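Note sheet for the following structure.
Both counts, for ligands and for their atoms, begin at 1 and track the order of listing. Since the model is a prediction, treat every value here as computed from it, not as a measurement.
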Amino acid sequence: MKFKLNSPKHFDSANPGQEACRSIDEFLEQLAEVAPEDYSHAMGYPGTNNQNMNGFYDWYVPTGMSHVFLNNAGDPFSEQPFKMSTLGVERKVIEFLAPFYGINVDNVWGIVTTGGTDGNNHGIYFGAQKLRKETGLAPVVYVSKESHYSNMRLCDLQNLEVRLVDCDIMGRMRPESLREALDPKRPALIIYSMGSTFKGAIDDQRLLNDVIDEVEPIAVHRHVDAALFGGYLPFTDKRYLVDINAMGFQSIAISGHKFFGIDMPCGLFITTKSTLEYQKAYNVGYLKGEMPMINCSRSAMAPMKFLWVIKNVGREGLERQARQILERADYLLNRLTDIGWKAWKNEHSNTVFFRHAGDEIVRRYSLAGGYDEALGGALNHAVVMQQISKELIDELIEDIRRTM
Ligand SMILES: *Cc1c(COP(=O)(O)O)cnc(C)c1O
């Protein structure tokens with residue numbers, strides 16, 4: 001550490017707040033009573049438990065940053081009058097990751113968000129703004145029935161008409177259903193799911209884009225909701241699936257606390273400068289310019305953690321983790337199939353869904369629940385994140401086998 005902020009005079013180092021920590025300790029004790037098994041066995045939700053951010057915290061306090069207020073209000077891509085921010089780090093994160101989504105550093109714009117939902121909010125808002133400006137008409141949003149609920153919620157919030165498009169049995173948007181739903185006379189805002197919530201389906205952008213080309217709506221904007229899969233796909237040989245040039249989308253949302261393993265909710269919203277051009281509506285004098293993002297104050301901490309994880313784990317580390325989760329997802333699918341327990345997994349997905357495993361197992365492994373009549377009714381899924389070991393998978397298989 002070369003840099004150290006000077007302690008302000010009012011900073012009282014004689015009172016490090018240990019009393020207050022004890023109050024939180026009480027909560028941690030309660031957590032410890034229920035948590036050990038939950039912590040080590042939870043498989044139903046896409047959090048990463050083992051990215052190990054100790055090194056970040058060891059560095060953070062001695063810098064002196066823990067006693068100043070840092071705020072990333074403003075645009076990381078334009079010069080800001082307010083210097084107590086990590087907007088420079090935020091820009092670095094976006095520029096470092098842009099090429100992984102096929103976007104040239106010169107052409108990228110983006111922010112570190114509060115999570116996947118915030119990224120979707122920006123994707124939907126930017127898309128709707130652009131389409132309105134291009135056509136003078138409000139767009140219709142097309143999104144699959146199996147997409148994450150935040151998309152429907154956000155369209156409601158933004159007062160946008162939504163047409164929910166049917167899916168095939170594996171959870172992918174059906175091209176024929178999109179064709180039936182598409183209105184050629186209205187601008188189309190398409191949301192593609194890259195990892196639908198329950199079945200982990202990847203909408204086939206190429207097939208669906210062909211349908212859009214055929215129907216030719218008067219204007220189109222494509223946003224990709226890739227909260228979970230958008231973290232790992234760039235680090236596999238299937239990176240073209242989240243490549244803006246290969247797939248022709250205009251914006252993408254990714255969560256930071258899923259594959260990247262950051263220990264608090266955060267995410268990325270990444271788009272191009274040409275999409276940004278349509279957003280410049282609100283000139284904010286005190287922030288020196290146009291403020292395209294929805295939120296004013298934003299976390300200065302999240303970009304630091306993002307950059308730290310990217311640099312600490314590194315490209316090779318992320319590639320290794322991506323390989324590992326996909327191999328173990330295959331392993332889980334194969335083991336379930338071997339014991340004759342009905343199970344399914346989409347291609348390039350780390351989410352395995354299977355026949356409901358019984359309430360006790362669902363509780364023990366914090367499995368998420370779902371339902372599909374066509375697949376026999378009640379289902380569960382497991383999301384194979386970095387901390388899910390083969391031993392844990394074997395344990396789950398043993399537990400399920402005992403109930404058969
Ligand atoms: C998790 C998820 C979201 C929501 O992201 P948050 O980071 O929890 O806000 C949205 N879409 C998909 C596909 C997800 O997996």
Side-chain angles (χ1 to χ4, degrees), residues 42-49 51 93 97 101 110-125 127 141-158 162 164-165 167 170-173 190-205 222-234 241-242 247 249 251-270 293-295 298-299 301-303 305-306 309 322 325 329 345-346 348-353 366 368-370 381-386:
M43 297 175 80
Y45 298 87
T48 303
N49 281 335
Q51 212 64 296
V93 169
L97 288 171
Y101 302 96
I111 53 171
V112 171
T113 60
T114 64
T117 304
D118 191 20
N120 286 338
N121 203 22
H122 280 83
I124 294 166
Y125 183 68
V141 180
Y142 304 89
V143 61
S144 94
K145 281 185 175 159
E146 302 244 359
S147 84
H148 188 267
Y149 81 91
S150 64
N151 294 304
M152 292 72 151
R153 178 69 73 192
L154 293 165
C155 289
D156 195 31
L157 192 68
Q158 296 187 29
V162 178
L164 292 179
V165 184
C167 295
M170 292 302 282
R172 295 167 296 210
M173 191 189 277
I190 319 276
I191 303 172
Y192 288 140
S193 295
M194 300 286 293
S196 66
T197 315
F198 188 76
K199 292 179 175 171
I202 296 179
D203 285 340
D204 190 330
Q205 293 186 59
R222 298 169 179 87
H223 170 71
V224 176
D225 174 9
L228 171 57
F229 292 17
Y232 67 77
L233 283 172
L241 289 167
V242 285
M247 293 296 140
F249 56 84
S251 60
I252 185 163
I254 301 128
S255 296
H257 51 280
K258 291 184 176 174
F259 178 71
F260 286 105
I262 294 161
D263 64 342
M264 65 184 205
C266 61
L268 301 167
F269 172 67
I270 297 182
M293 69 284 289
I294 297 167
N295 347 39
R298 294 179 304 110
S299 172
M301 177 66 100
K305 288 185 171 177
F306 234 116
V309 165
I325 61 173
K345 186 180 87 59
N346 274 288
H348 323 310
S349 159
N350 69 334
T351 304
V352 180
F353 53 106
S366 301
H381 84 186
V383 187
V384 181
M385 299 304 289
Q386 287 93 319

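Listed here is the closest heavy atom pair of Ser299 and Met264: OG-CE, 4.0 Å. Contact record, Gly115 with Thr113: O-OG1, 3.0 Å, taken as the closest heavy-atom pair. Considering all non-hydrogen atoms of both residues, Met170 and Ala201 come closest at O-CB, 3.3 Å. Nearest heavy atoms, Cys155 versus Ile124: SG-CD1, 4.1 Å.
Considering backbone and side-chain atoms together, Gly115 places no N or O closer than 3.5 Å to any N or O of ligand 1. Taking distance alone, with nitrogen or oxygen atoms compared against 3.5 Å, Asp118 stays at or beyond that limit from ligand 1. Of the N or O atoms in Ser255, one or more lie within a sub-3.5 Å distance of an N or O in ligand 1. By the 3.5 Å distance cut-off applied to N or O atoms, Ser150 is not counted among the residues near ligand 1.
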Derivation and outcome, side chain to side chain contact (heavy atoms under 4.5 Å, CB included), residues Phe259 and Leu233: CA-CA 10 Å; Phe259 178 71; Leu233 283 172; over 6 Å; no
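The distance from ligand 1 to the heavy atoms of His148 drops below 4.0 Å at these ligand atoms: 2 (C), 3 (C), 4 (C), 10 (C), 11 (N), 12 (C), 14 (C). Near Gly116, with a cut-off below 4.0 Å to any heavy atom, the atoms of ligand 1 are 5 (O), 6 (P), 7 (O), 9 (O). Atoms of ligand 1 found under 4.0 Å from any heavy atom of Gly195, numbered from 1 in the order shown, are 13 (C).
Looking only at heavy atoms of the protein, atom 2 (C) of ligand 1 is closest to Lys258 NZ, 2.4 Å. Nearest protein neighbour of atom 8 (O) of ligand 1, counting heavy atoms only, is His257 NE2, 3.9 Å. For atom 9 (O) of ligand 1, the nearest protein heavy atom (residue, atom name, distance) is Thr117 OG1, 2.6 Å.
Classified by interplanar angle (parallel below 30°, tilted 30° to 60°, perpendicular above 60°), the ring pair His223/Phe269 is tilted.
Residue Met194 does not touch ligand 1, judged by heavy-atom distances below 4.0 Å.
Partner His148 forms a side-chain contact (heavy atoms from CB on, under 4.5 Å) with one of Leu228, Asp225, Ile191 and no other, that one being Asp225.
With a 4.5 Å cut-off on side-chain heavy atoms, Met247 and Val224 do not count as touching.
Contact annotation: Asp225 has at least one heavy atom less than 4.0 Å from an atom of ligand 1.
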